[in-house]
Asker: 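Pasting in a structure now, in structure tokens, and then I'll have a few things to ask.
In this text, all values refer to a predicted model and were calculated from it rather than measured experimentally. Just so we're on the same page: letters track the sequence lines, and every chain starts at 1.
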There are 2 protein chains.
Amino acid sequence: MKENIDKQLQARNIKPTTMRQLVLQVLTVQKTAISLPELENKFEKADKATLYRTLKTFEENKLIHSIDDGTGSVKYALCREACECHPEDLHVHFSCTVCGQTYCLTDIPVPKIHLPAQFQLESVNMVVKGICSNCDK
Amino acid sequence: MKENIDKQLQARNIKPTTMRQLVLQVLTVQKTAISLPELENKFEKADKATLYRTLKTFEENKLIHSIDDGTGSVKYALCREACECHPEDLHVHFSCTVCGQTYCLTDIPVPKIHLPAQFQLESVNMVVKGICSNCDK
DNA sequence: ATAAACTTTGCAACCCGGTTGCAGGAACAT
DNA sequence: ATGTTCCTGCAACCGGGTTGCAAAGTTTAT
């Protein structure tokens with residue numbers, strides 16, 4: 001496990017500090033996307049700023065991607081192994097209005113959009129809101 | 001003009017107070033979506049809370065819709081005349097990373113997504129980021 | 001092994017958008 | 001005019017995000 005964590009960090013050129021190992025550990029276990037405040041709560045004693053910068057580092061190095069699900073706090077989730085976060089790599093996200101969980105629908109790519117003339121595409125954020133399978137019972 | 005503004009308010013069952021007329025006026029003139037802080041700046045002397053509640057009222061009554069473009073402040077834009085903000089009414093939005101403007105691409109409907117079993121759709125927020133035609137020159 | 005250079009961490013403070021409580025004021029019905 | 005309801009303005013607050021700075025840790029050169 002531990003070696004796997006380090007491998008993932010090194011594969012993205014991120015120095016494997018203790019803090020980063022711990023955060024990546026949490027992100028690996030976590031099945032849904034997680035916000036900075038939620039991440040804070042996963043640790044007994046952790047500094048918001050450090051976690052914040054850790055997430056930023058991970059995001060810059062494309063180990064994780066961010067999702068703005070409209071709940072007021074940006075969420076983060078692991079990227080696929082070889083993900084480069086290009087528009088064609090992106091998938092749809094689902095935000096449950098009951099439990100607040102945000103899911104990566106990795107099987108559902110973001111549909112291609114034909115933009116008006118002179119509009120250049122860089123990225124897309126597509127969030128579907130509704131009730132997830134857990135809350136639907 | 002003035003009568004038109006009042007008609008629009010009444011059509012949505014919103015009492016036409018002076019404040020509301022002024023805000024709707026601004027939203028009508030405005031071609032791109034506008035945030036609460038931006039709206040504040042359009043007035044010499046205006047109370048944030050009042051503008052906030054005005055926008056909320058407009059949104060509840062489907063006179064305007066909100067867009068979370070990921071810039072940190074939610075933006076608002078007028079709905080089409082008969083809009084009910086149902087999933088099939090929704091269009092794609094474009095957020096320019098250069099000038100910060102957010103456009104309603106009213107001609108581009110949000111593509112239908114086939115969700116996994118037991119996931120119920122309520123609404124969709126789809127924001128394309130890139131460079132707009134103005135900044136592309 | 002030691003010093004210098006750089007990176008990461010932790011604390012504190014701050015910024016800003018969003019939101020609420022409350023009291024005064026306007027509109028409206030009786 | 002009186003009471004009721006709705007709207008407005010002020011103030012204060014909340015919470016996520018972000019930055020400055022100094023201490024601690026790590027790397028590199030000598």
Asker: Listing request: all salt bridge (charged side-chain N to carboxylate O under 4.0 Å, His left out) pairs with a residue in residues 36-61 of chain B, at least two apart in sequence or in separate chains.
Answerer: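 Non-adjacent pairs meeting salt bridge (charged side-chain N to carboxylate O under 4.0 Å, His left out): B:Lys56-B:Glu59.
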
Asker: Send over the distance from A:Lys15 NZ to C:dT7 P, rounded to a whole Å.
Answerer: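 Result: 6 Å.
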
Asker: Rounding to 10°, can you tell me the angle the first-five-pair axis of the helix from C:dA1-D:dT30 to C:dT30-D:dA1 makes with its last-five-pair axis?
Answerer: 10°

Asker: Centroid separation under 6.0 Å, is that true for the rings of B:Phe58 and B:Tyr76?
Answerer: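 Ring centres of B:Phe58 and B:Tyr76 not closer than 6.0 Å.
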
Asker: Using 0.5 Å steps for rounding, measure from the CG atom of B:Leu78 to the SG atom of B:Cys83.
Answerer: 10.5 Å

Asker: Using whole Å, what does the distance between atom P of nucleotide D:dC7 and atom CD of B:Glu60 come to?
Answerer: 11 Å

Asker: State, with a plain yes or no, whether a side-chain heavy atom of A:Val110 is found less than 4.5 Å away from one of A:Pro87.
Answerer: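 They are not in contact (no side-chain heavy atoms under 4.5 Å apart), so the answer is no.
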
Asker: Whole Å only: how far is the CG atom of A:Asp47 from the P atom of C:dG10?
Answerer: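 It is 6 Å, rounded to the nearest whole Å.
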
Asker: For the pair made of CD in A:Glu44 and P in C:dG10, what is the distance, rounded to whole Å?
Answerer: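 Atom-to-atom, A:Glu44 to C:dG10, this comes out as 14 Å.
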
Asker: In whole angstroms, how far is the P atom of D:dC10 from the CZ atom of B:Phe43?
Answerer: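 Atom CZ in B:Phe43 sits about 15 Å away from atom P in D:dC10.
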
Asker: Between B:His65 and B:His91, what is the ring plane arrangement, given parallel below 30°, perpendicular above 60°, and tilted in between?
Answerer: perpendicular

Asker: Output one letter per nucleotide in nucleotides 16-27 of chain C: B when a protein non-hydrogen atom lies under 4.0 Å from the base, S when only the sugar-phosphate is that close, - when neither is.
Answerer: -SBBBBB-----

Asker: Separation of B:Gln21 atom CD from D:dC7 atom P, in whole Å?
Answerer: 13 Å

Asker: Do any side-chain nitrogens or oxygens of A:Thr17 fall under 4.0 Å of OP1 or OP2 in C:dT9?
Answerer: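 Yes, within the criterion.
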
Asker: Specify the separation, in whole Å, of atom CZ of A:Arg20 and atom P of D:dG25.
Answerer: 16 Å

Asker: Does any donor atom in the side chain of B:Lys129 or B:Ser95 lie under 3.5 Å from an acceptor atom in the other side chain?
Answerer: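 Side-chain D/A pair, B:Lys129 to B:Ser95: present.
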
Asker: Among A:Leu63, A:Ile5, A:Ile34, A:Leu22, find the one that has a side chain to side chain contact (heavy atoms under 4.5 Å, CB included) with A:Leu27.
Answerer: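 Filter result, single survivor: A:Ile34.
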
Asker: Can a donor-acceptor pair be found between the side chains of A:Thr32 and A:Gln101 at a distance below 3.5 Å?
Answerer: yes

Asker: More than 12 heavy atoms of other residues, nucleotides or ligands under 6.0 Å from CD of A:Glu81: yes or no?
Answerer: no

Asker: In whole Å, I'd like the distance from the CD1 atom of B:Ile14 to the P atom of D:dT8.
Answerer: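 In whole Å, D:dT8 P lies 12 Å from B:Ile14 CD1.
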
